[in-house]
Amino acid sequence: MNNAERNFIFTNATQLQVGTIYCIGRNYSAHALEMGAEVPEKPLVFIKPPAAYIYGENAIIDRPEYSQEMHHEAEIVVVIGEDIPHDAGDEIGNYICGYGIGLDLTLRDIQSVAKQKGEPWSTSKSFKGSAPISTIVPISDFSTMYPQLTFSLSINGIVKQVGNTHLMERSIPSLLQYISSIFSLRKGDCIFTGTPQGVGPLLSGDNIQASLDSYITMNCSVL
Ligand code: MG
């Protein structure tokens, strides 16, 4: 395994070993609606292991053979640079070391069955390679620790998803506070902050372009 397979890679060429990947569900009301669901009363959190990570730039995404329907969910990814103490309070944003764009790859057919049966989402959400993430933009490139960001995903040149941080049901600091209060956020952990509307299937041969404002664009394709 080379470093690119287990490390975040920053635009300034520094690297950081990937820890736990926390994911937030239904953080954009229009996406909750398209899934026939409501925005939950408390943040919906699930976890992907470090092995779910792949460096997304020029990645070739493979669909597990036990699924026939893999969906893209483009999301802003927040990377944590230092272990967060439980008393971080309003200073919690100081522990963010960068932002990127990622794909919360989802096996929708497997997830639908899990939802019906009340079973966990691990096999639909947390399989190996299920978290392609772009090169990370260091926090020092932003004028604030909580920048307002637009992001988008195109497939074969056609825009499928557009989102903006101001459309989030729960802000990045409130998500950090919530996750930190229940789990423990440590150096190298990251948070997928939820997907906007427009999720849909990825097909063999698709070329994907995901952009985080003008900061970074990730190109990858589907095997
Ligand atoms: Mg998602």
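For ligands, and for the atoms within them, numbers begin at 1 and follow the listed sequence. Only a predicted model underlies this, so the values are computations on that prediction, with no experimental measurement involved.
Note on residues 118-142: pairs passing salt bridge (charged side-chain N to carboxylate O under 4.0 Å, His left out), not counting sequence neighbours, are Glu73-Lys125, Asp104-Lys125.
Ring pair Phe183/Tyr22 is tilted by interplanar angle, where 30° to 60° counts as tilted.
Here Thr135 pairs with Tyr55 under the side chain to side chain donor-acceptor pair (under 3.5 Å) rule; sequence neighbours left out. Contacts of His166 classified as side chain to side chain donor-acceptor pair (under 3.5 Å), with partners at least two apart in sequence or in another chain: Asn164.
Between Tyr99 and Phe142, the ring centre distance stays below 6.0 Å.
Under 2.8 Å from the Mg ion (ligand 1), one finds the following protein N/O/S atoms: Glu73 OE1, Glu75 OE2, Asp104 OD2.
Using a 4.0 Å cut-off between charged side-chain N and carboxylate O, Arg186 and Asp83 make a salt bridge.
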